[in-house]
Amino acid sequence: MVRKIVKYPEPVLSQPGEPVTEFDDELRQLVADMFETMYSAQGIGLAAPQVGISKRLTVIDLSVGKEPKDKLVLINPEIISSEGKLYEEEGCLSFPDIRERVARAAKVRIRAQDEHGKWFEMDGEELLSRAFQHEIDHLNGILFIFRMSPLKRNLNLRKIRKLQSEGKW
Ligand code: NI
């Protein structure tokens with residue numbers, strides 16, 4: 001089932017998610033729904049707060065559904081090490097049509113649970129590293145607009161307010 005993606009400034013986006021403790025059919029249904037929702041929006045990452053659920057769960061697929069092996073489910077994820085820096089363009093399904101360059105670590109190693117509760121570690125570089133950091137930020141209530149320079153942030157917040165006043169956001 002495709003769920004509704006909430007947009008900034010929906011309060012759930014700014015709240016830290018609750019840890020996932022039950023690895024049951026309900027959770028696996030939510031994971032399936034999140035992939036379906038992400039693909040329908042042509043995204044490469046989606047965090048549970050973006051579908052209105054304040055839980056520490058995110059799905060990532062850099063191939064947007066083309067490569068089954070690229071499907072990643074990260075539950076209760078955390079970054080355990082990071083190195084380097086990259087300054088590249090980034091977007092977010094909760095900020096339609098806004099793209100801006102954001103500084104992120106070039107490489108990260110994460111630790112997370114899969115949908116059955118099993119812990120694993122994984123390395124990410126470049127776009128995958130960026131997706132890990134962007135999505136884990138969501139689970140901590142941090143939005144990419146707050147990773148931009150103050151100048152870019154204010155320009156984008158002004159643009160959003162204008163779109164809101166025109167009923168286009
Ligand atoms: Ni996002």
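One finds no salt bridge joining E88 and R130 here, because no Lys/Arg side-chain nitrogen approaches an Asp/Glu carboxylate oxygen to under 4.0 Å.
Annotation for S63 and D70: closest pair CB-OD2, 3.3 Å, computed over non-hydrogen atoms. Between L72 and F35, the closest heavy-atom pair is O-CZ, 3.6 Å. Between Q164 and P9, the closest heavy-atom pair is NE2-CD, 3.6 Å. Nearest approach of M34 to A47, heavy atoms of both residues: CE-C, 3.7 Å.
To the nearest 0.5 angstrom, I110 atom CD1 is 4.5 Å from L74 atom CG. Once rounded to the nearest 0.5 Å, the distance linking CZ of R104 with OG of S82 reads 11.5 Å. The CG atom of D61 lies 9.5 Å from the NZ atom of K69; values are rounded to the nearest 0.5 Å. Within the model, atoms CD1 of I160 and OG of S165 stand 12.0 Å from one another, a figure rounded to the nearest 0.5 Å.
L143 has its side chain within reach of S14: a pair of non-hydrogen atoms, C-beta onward, lies under 4.5 Å apart. Q50 is listed as a side-chain neighbour of C92, based on a closest heavy-atom distance under 4.5 Å. Counting heavy atoms from C-beta on, the side chains of I44 and M38 never come closer than 4.5 Å. Put simply, the side chain of Y87 does not reach to within 4.5 Å of the side chain of V102, judged on heavy atoms. By the 4.5 Å heavy-atom criterion applied to side chains, F132 and I60 are counted as neighbours. Proximity of L155 to E100: side-chain heavy atoms (C-beta onward) are nowhere separated by under 4.5 Å. L27 places none of its side-chain heavy atoms less than 4.5 Å from the side chain of E22. Side-chain contact between I75 and F23 is present, with at least one heavy-atom pair separated by less than 4.5 Å.
Residue I136 is not grouped with residue V12 when hydrophobic side chains (ILVMFWY) are merged at heavy-atom distances under 4.5 angstrom, including chains of intermediate members. V51 and V2 are not part of a single hydrophobic cluster, where members link through side-chain heavy atoms under 4.5 Å apart. Using a 4.5 Å cut-off between side-chain heavy atoms of Ile, Leu, Val, Met, Phe, Trp and Tyr, with links allowed through other members, L139 and F95 fall into different hydrophobic clusters. Connection of L86 to L62 is not established within any shared hydrophobic cluster, with ILVMFWY side chains joined at heavy-atom distances below 4.5 Å, either directly or through further cluster members. In the hydrophobic clustering of this structure, I142 does not group with I79; members are Ile, Leu, Val, Met, Phe, Trp, Tyr whose side-chain heavy atoms approach within less than 4.5 Å, directly or through other members.
At most 12 non-hydrogen atoms from other residues, nucleotides or ligands lie less than 6.0 angstrom from NZ of K162.
Under the 3.5 Å distance criterion, with hydrogens and angles disregarded, no donor-acceptor pair is assigned to the side chains of Q29 and D25.
Side-chain N or O atoms of S94 include one that pairs as donor or acceptor with a backbone N or O of V6 at under 3.5 Å. Proximity of a side-chain donor or acceptor of T58 to a complementary backbone N or O of L46 within less than 3.5 Å is detected. No donor-acceptor pair under 3.5 Å is formed between the side chain of R3 and the backbone N or O of T37. At distances below 3.5 Å, at least one donor-acceptor pair connects side-chain atoms of D114 with backbone N or O atoms of H116.
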Given the rule in the salt bridge (charged side-chain N to carboxylate O under 4.0 Å, His left out) test, do R99 and E89 qualify, once you have shown the distances and angles that lead to the verdict?
-> CA-CA 6 Å; R99 296 193 63 82; E89 217 177 58; 3.0 Å; yes

Check step by step if side chain to side chain contact (heavy atoms under 4.5 Å, CB included) holds for N76 and W119.
-> CA-CA 9 Å; N76 301 321; W119 286 97; 4.3 Å; yes

Under the side chain to side chain contact (heavy atoms under 4.5 Å, CB included) criterion, do L30 and L57 qualify, and how do the steps go?
-> CA-CA 9 Å; L30 173 59; L57 156 66; 3.5 Å; yes

Would you check, one step at a time, whether the test side chain to side chain contact (heavy atoms under 4.5 Å, CB included) holds for Q113 with V20?
-> CA-CA 9 Å; Q113 282 168 285; V20 172; over 6 Å; no

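Partners of D97 according to the salt bridge (Lys or Arg N to Asp or Glu O under 4.0 Å) rule, which considers only residues two or more places apart in sequence or in another chain, do not exist here. With sequence neighbours left out, the side chain to side chain donor-acceptor pair (under 3.5 Å) criterion links Y8 to no other residue. Checked against salt bridge (Lys or Arg N to Asp or Glu O under 4.0 Å), E26 has no partners two or more places apart in sequence or in another chain.
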Residues 144-152 side chain polar contacts: donor-acceptor under 3.5 Å, at least two apart:
residue: R147; atom: NE; partner: D137; partner atom: OD2; Å: 2.7
residue: R147; atom: NH2; partner: D137; partner atom: OD1; Å: 2.8
residue: R147; atom: NH2; partner: D137; partner atom: OD2; Å: 3.2
residue: S149; atom: OG; partner: K152; partner atom: N; Å: 3.2

For residues 122-129, run the donor-acceptor check on the side chains, cut-off 3.5 Å, and write out each pair with its distance to 0.1 Å, sequence neighbours left out.
residue: D123; atom: OD1; partner: R109; partner atom: NH1; Å: 2.8
residue: D123; atom: OD2; partner: R109; partner atom: NH1; Å: 2.7
residue: S129; atom: OG; partner: A105; partner atom: O; Å: 2.9
residue: S129; atom: OG; partner: A106; partner atom: O; Å: 3.4
residue: S129; atom: OG; partner: Q133; partner atom: NE2; Å: 2.8

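Each salt bridge (charged side-chain N to carboxylate O under 4.0 Å, His left out) pair with one or both residues in residues 71-81, not counting sequence neighbours, appears once here: E78-R111.
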